[in-house]
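Report on the structure given below.
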Amino acid sequence: MRYSRLEGLDGIGSEGMEALRNGSVLVVGCGALGSMCAMYLAASGVGRIGIADFDTIDISNLQRQLFFDETTLGKSKCKVLGDRMRALNSDVTVEEHPMFVKDDSACDLFARYDFIVDGSDNPATKHMTARICEEGGLPYCIGGVREFSGQVMSWAPGHKGYAEVFGDTPSCQGFTPCSLAGVLGPAAGIVASAQASEAIKHLTACGRMLYDRLFVFDLSGFSANVFSF
């Protein structure tokens, strides 16, 4: 009964649910994007989910990071989110990586998972994720949010990667850390939901991935587009 609404979708069914149970996803970042994405993956029954973040919970996070609250201020985002995921679904295995993911650790960490979701809030980490995944042939989804807008794209071997779309230096990316720019909470929720759906589609081979395409929206005027490249 837990997964009946998901299993009932065309293209999912019992085979798709089995693929989710046998699948694994790593979520880089446990902030506004990563925390919501990870919770959706746990709710959907993805068998093994890794979450990686070095940061602690600050009161300024609570405006958009809905799985933390005032009682968890100062605690590890990774630890608190991991506990929330396990409480939501005891069927899934949650692997906590309370660390700042850098080049020297990312290769081995990423290789342990089937799909990588980058929910970090800085361009340098997004570029690192893309580069290491592409070198290892690991499919990924990268999302970004700023003010009222957001962007999401995915990659797999044979498709155009993040640097080809945004340039090969972090300054070309355009999204700044949340600490330096305003962010509408619901905008982050849309990006996180799109990233979770990309991970689910990859594991189940259901639907059309955002390969060679960029999903862009702006809630200030309520516009949305998918650009092909």
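For reference, positions follow the sequence shown, starting with 1.
- Side-chain N/O atoms of S120 and N122 include no donor and acceptor closer than 3.5 Å.
- Note on V46 and L9: same hydrophobic cluster, where clusters join Ile, Leu, Val, Met, Phe, Trp and Tyr whose side-chain heavy atoms are under 4.5 Å apart, directly or indirectly.
- In plain terms, the two heavy atoms of T204 and A19 that are nearest each other are CA-CB, 4.4 Å.
- Atom CZ of F229 sits in a crowded spot, with more than 12 heavy atoms from other residues, nucleotides or ligands closer than 6.0 Å.
- The line from OG of S193 to CE of M36 is 6.0 Å long, rounded to the nearest 0.5 Å.
- A side-chain N or O of T129 and one of D118 form a donor-acceptor pair less than 3.5 Å apart.
- A distance-only check finds no donor-acceptor pair linking the side chain of T72 to the backbone of F68 [under 3.5 Å].
- The minimum heavy-atom distance between I116 and V28, with the atom names listed, is CG2-CG2, 4.2 Å.
- At most 12 non-hydrogen atoms from other residues, nucleotides or ligands lie less than 6.0 angstrom from CD of E15.
- Remark: the backbone N or O of C78 is paired with a side-chain donor or acceptor of S76 at under 3.5 angstrom.
- Residues S35 and Q65 bring no donor and acceptor atom of their side chains to less than 3.5 Å of each other.
- A donor-acceptor contact under 3.5 angstrom links the side chains of Y140 and E134, judged on distance only.
- Side-chain contact between R112 and E95: present, with at least one pair of heavy atoms (C-beta onward) separated by less than 4.5 Å.
- Side-chain heavy atoms closer than 4.5 Å link hydrophobic residues (I, L, V, M, F, W, Y) into clusters, and following such links, possibly through other members, connects M99 to I132.
- Without hydrogens or angle criteria, R86 side chain to G82 main chain gives a donor-acceptor distance under 3.5 Å.
- Annotation: side chain of L184 is not in contact with side chain of E147 (no heavy-atom distance under 4.5 Å).
- Residue Y40 qualifies as open at atom OH: its count of foreign heavy atoms under 6.0 Å is 12 or below.
- Two rings, from Y113 and F115, have their centers 6.0 Å or more apart.
- No more than 12 heavy atoms of other residues, nucleotides or ligands sit less than 6.0 Å from atom CG of D10.
- Inter-residue side-chain proximity for L33 and Q195 is flagged as met; some heavy-atom pair is nearer than 4.5 Å.
- A pairwise comparison of heavy atoms in A199 and L41 identifies CB-CD2, 3.9 Å as the closest pair.
- No side-chain heavy atom of P98 sits under 4.5 Å from any side-chain heavy atom of F54.
- Put simply, the side chain of N22 gets close to the backbone of E18: a donor and an acceptor are under 3.5 Å apart.
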Stepwise, does the side chain to side chain contact (heavy atoms under 4.5 Å, CB included) test hold for L214 with N225? CA-CA 8 Å; L214 180 68; N225 292 282; over 6 Å; no
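- For the pair M128/V101, a side-chain contact is recorded, criterion being any heavy-atom separation below 4.5 Å from C-beta on.
- Listed here is the closest heavy atom pair of C141 and V152: SG-CG1, 3.5 Å.
- At a threshold of 4.5 Å between side-chain heavy atoms, the hydrophobic network of Ile, Leu, Val, Met, Phe, Trp and Tyr places I12 and V25 in one connected group.
- Heavy atoms of other residues, nucleotides or ligands lying less than 6.0 angstrom from CD of E70 number 12 at most.
- Partner of D55 under the salt bridge (charged side-chain N to carboxylate O under 4.0 Å, His left out) criterion, chosen from K77, K79, K75: K77.
- A salt bridge does not link D91 to R21: none of the charged nitrogens lies less than 4.0 Å from a carboxylate oxygen.
- Of the charged side-chain nitrogens involved, none lies within less than 4.0 Å of a carboxylate oxygen, so that K160 and D212 do not count as a salt-bridged pair.
- In this structure, the side chain of D218 engages the main chain of S220 through a donor-acceptor pair within 3.5 Å.
- Across every non-hydrogen atom of P157 and G137, the tightest pair is CG-O, 3.8 Å.
- By the criterion of side-chain heavy atoms lying less than 4.5 angstrom apart, applied directly or through intervening Ile, Leu, Val, Met, Phe, Trp or Tyr residues, I142 is grouped together with F166 in one hydrophobic cluster.
- With a 4.5 Å cut-off on side-chain heavy atoms, R213 and M153 do not count as touching.
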Using the rule given for side chain to side chain contact (heavy atoms under 4.5 Å, CB included), can you reason through L210 versus E198, listing the C-alpha separation, both sets of side-chain angles and the distance that settles it, and then say yes or no? CA-CA 7 Å; L210 280 170; E198 287 292 281; 3.3 Å; yes
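- The heavy-atom pair separating A43 from Y3 by the smallest distance is O-CE2, 3.5 Å.
- A donor-acceptor pair under 3.5 Å is formed between the side chain of S4 and the backbone N or O of M1.
- In this structure, E96 and D53 have side chains that are not in contact, with every pair of non-hydrogen atoms separated by 4.5 Å or more.
- Side-chain contact between V191 and F217 is present, with heavy atoms from C-beta onward closer than 4.5 Å.
- In this structure, a donor-acceptor pair under 3.5 Å is present between the side chains of D114 and S24.
- Follow the hydrophobic side-chain contacts under 4.5 Å out from F227 and you reach W155 in the same cluster.
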